[in-house]
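Throughout, numbering of the chain's residues begins at 1 and tracks the sequence.
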Amino acid sequence: MSNITDSIQVVSYDYGLEGPRYTDYSIINTEYYCFTAKSSSKTTSFLVEYDNLQKFGDNNSITTIYVDYNKGFGEHLDSTFIYDQYYYRVLKVEVAEDETEDNNRSIYFTNSDYGILRHDIYSDTVLLSSKVLMRKNIVR
């Protein structure tokens, strides 16, 4: 592990409607966003739909790293300090054998405002990687 600062950029994206999906009272079409992000060492694909964020691995594996904060998924943190500021309504998800990270243990910190805030990867108890959101240029 090093203290190298890296950047990540979106290299491709797609948007569409998936549906129809039937509920008790109506028929709805669900929006989805797919994007591929590239850093200096890795290219990763993501899917954002309805109430969740999923990460795709090289071997067609899928890891869900965020589900709507109001649902019973992961550990809910009212606020947490990451790098240089507090983030609110943070979801902490621990994946014991993350197939998208060579079956190592991953811990994801995410929220709906910024996405992935921090991602730690462990091999047993040894920290292999810690990626932290430092500076952000998000266009809303």
Side-chain angles (χ1 to χ4, degrees):
M1 199 169 100
S2 67
N3 286 328
I4 296 173
T5 301
D6 195 0
S7 61
I8 188 168
Q9 64 182 350
V10 175
V11 292
S12 67
Y13 64 91
D14 185 27
Y15 160 79
L17 292 174
E18 181 180 277
R21 201 173 95 203
Y22 300 92
T23 67
D24 291 342
Y25 306 103
S26 63
I27 300 172
I28 59 172
N29 290 320
T30 303
E31 293 178 292
Y32 70 88
Y33 297 89
C34 297
F35 64 96
T36 301
K38 182 178 182 182
S39 68
S40 64
S41 62
K42 191 173 185 179
T43 301
T44 308
S45 296
F46 296 89
L47 171 66
V48 181
E49 63 179 356
Y50 188 58
D51 65 351
N52 66 71
L53 171 62
Q54 297 176 336
K55 177 181 171 187
F56 294 90
D58 296 333
N59 54 357
N60 294 328
S61 57
I62 300 172
T63 299
T64 300
I65 57 179
Y66 182 82
V67 174
D68 183 10
Y69 186 83
N70 296 321
K71 298 199 175 173
F73 182 81
E75 181 181 345
H76 295 80
L77 307 173
D78 290 332
S79 67
T80 191
F81 190 81
I82 296 176
Y83 185 65
D84 65 347
Q85 76 178 62
Y86 278 97
Y87 293 92
Y88 301 95
R89 296 176 54 90
V90 174
L91 186 67
K92 177 183 175 186
V93 175
E94 186 169 339
V95 182
E97 293 181 3
D98 190 347
E99 292 181 8
T100 63
E101 295 295 342
D102 298 326
N103 291 319
N104 289 310
R105 183 169 61 104
S106 285
I107 301 174
Y108 296 92
F109 293 84
T110 57
N111 76 359
S112 61
D113 290 334
Y114 294 100
I116 302 169
L117 305 171
R118 180 174 163 183
H119 177 205
D120 296 335
I121 303 170
Y122 291 88
S123 176
D124 293 325
T125 59
V126 178
L127 180 64
L128 299 177
S129 173
S130 182
K131 299 171 187 164
V132 179
L133 179 64
M134 293 169 47
R135 294 178 291 279
K136 44 208 163 285
N137 182 12
I138 299 173
V139 179
R140 295 179 193 259

**Prompt:** Quick one: are His119 and Ile107 in side-chain contact, heavy atoms under 4.5 Å?
**Reply:** no
**Request:** Specify the closest pair of heavy atoms between Glu99 and Thr63, including all atoms of both residues, with the distance to one decimal.
**Result:** N-OG1, 4.4 Å
**Asked** Around atom CG of Asp58, are there more than 12 heavy atoms of other residues, nucleotides or ligands at under 6.0 Å?
**Response** no
**Message:** Looking at every non-hydrogen atom in both residues, tell me the closest pair between Thr80 and Leu77 and how far apart they are.
**Reply:** CB-CD1, 4.3 Å
**Request:** Please tell me if the side chains of Asp78 and Arg89 come closer than 4.5 Å, counting only heavy atoms from C-beta onward.
**Result:** no
**Request:** Supply the atom-to-atom distance Tyr15 OH to Glu31 CD, rounded to the nearest 0.5 angstrom.
**Result:** 3.5 Å
**Message:** Is there a path of hydrophobic side-chain contacts, each under 4.5 Å between heavy atoms of I/L/V/M/F/W/Y residues, joining Val132 to Phe81?
**Reply:** no
**Asked** If you round to the nearest 0.5 Å, how far is OH of Tyr87 from OG of Ser112?
**Response** 13.0 Å
**Asked** Going through the distances and angles, do Gln9 and Ser7 end up as a side-chain contact (heavy atoms from CB on, under 4.5 Å)?
**Response** CA-CA 7 Å; Gln9 64 182 350; Ser7 61; over 6 Å; no
**Message:** Please report the interatomic distance NZ(Lys131) to CZ(Phe109), rounded to the nearest 0.5 Å.
**Reply:** 15.0 Å
**Asked** So, do Val95 and Tyr108 sit near enough that their side-chain heavy atoms are less than 4.5 Å apart?
**Response** yes
**Fill in**
Between the CG atom in Leu91 and the CZ atom in Phe73, the distance rounded to the nearest 0.5 Å is 6.5 Å
**Residue pair Val93 / Gly74: nearest heavy atoms and the distance that separates them** = CG2-CA, 4.3 Å
**Prompt:** Taking the side chain as C-beta and beyond, is there a heavy-atom pair between Lys55 and Glu101 under 4.5 Å?
**Reply:** yes
**Request:** Anything under 30° is parallel, anything over 60° is perpendicular, the rest tilted; go ahead and classify Phe35 against Phe46.
**Result:** parallel
**Message:** Please evaluate residues Leu127 and Asp120 with respect to the criterion side-chain contact (heavy atoms from CB on, under 4.5 Å), reporting the C-alpha separation (whole Å), side-chain torsions for both, the decisive distance (0.1 Å), and the verdict.
**Reply:** CA-CA 7 Å; Leu127 180 64; Asp120 296 335; 4.1 Å; yes
**Message:** Could you report the tightest heavy-atom contact between Tyr88 and Asn111, atom names first, then the distance?
**Reply:** O-ND2, 3.3 Å
**Fill in**
Here the pair of heavy atoms bringing Ile116 nearest to Thr110 is CA-CG2, 3.7 Å
**Prompt:** Quick one: OG on Ser61 to CD on Glu97, what's the gap to the nearest 0.5 Å?
**Reply:** 12.0 Å
**Request:** Taking the side chain as every heavy atom from C-beta outward, state whether Leu117 and Lys92 have any pair of such atoms under 4.5 Å apart.
**Result:** no
**Prompt:** Is it the case that one hydrophobic cluster holds both Val10 and Val48, taking links as side-chain heavy atoms less than 4.5 Å apart, direct or via other members?
**Reply:** yes
**Message:** More than 12 heavy atoms of other residues, nucleotides or ligands under 6.0 Å from NZ of Lys42: yes or no?
**Reply:** yes
**Asked** Is the number of heavy atoms from other residues, nucleotides or ligands under 6.0 Å of Asp14 CG greater than 12?
**Response** yes
**Request:** Can you establish whether the number of heavy atoms outside Tyr86 located under 6.0 Å from its atom OH is more than 12?
**Result:** no
**Request:** Measure across Asp6 and Ser39 and return the closest heavy-atom pair with its distance rounded to 0.1 Å.
**Result:** OD2-CB, 3.4 Å
**Item:** Close side-chain approach of Val67 and Asp51, heavy atoms under 4.5 Å
**Value:** yes
**Message:** Under 4.5 Å between side-chain heavy atoms, counting indirect links through other Ile/Leu/Val/Met/Phe/Trp/Tyr residues: same cluster for Leu53 and Tyr13 or not?
**Reply:** yes
**Request:** Any chance you could measure Arg105, atom CZ, to Ser123, atom OG, to the nearest 0.5 Å?
**Result:** 10.0 Å
**Asked** Among the clusters formed by ILVMFWY side chains lying less than 4.5 Å apart, do Val90 and Tyr114 turn up in the same one?
**Response** yes
**Prompt:** Heavy-atom count around Asp124 CG within 6.0 Å, excluding the residue itself: above 12?
**Reply:** no
**Prompt:** Do Leu133 and Ile82 have side-chain heavy atoms sitting under 4.5 Å apart?
**Reply:** no
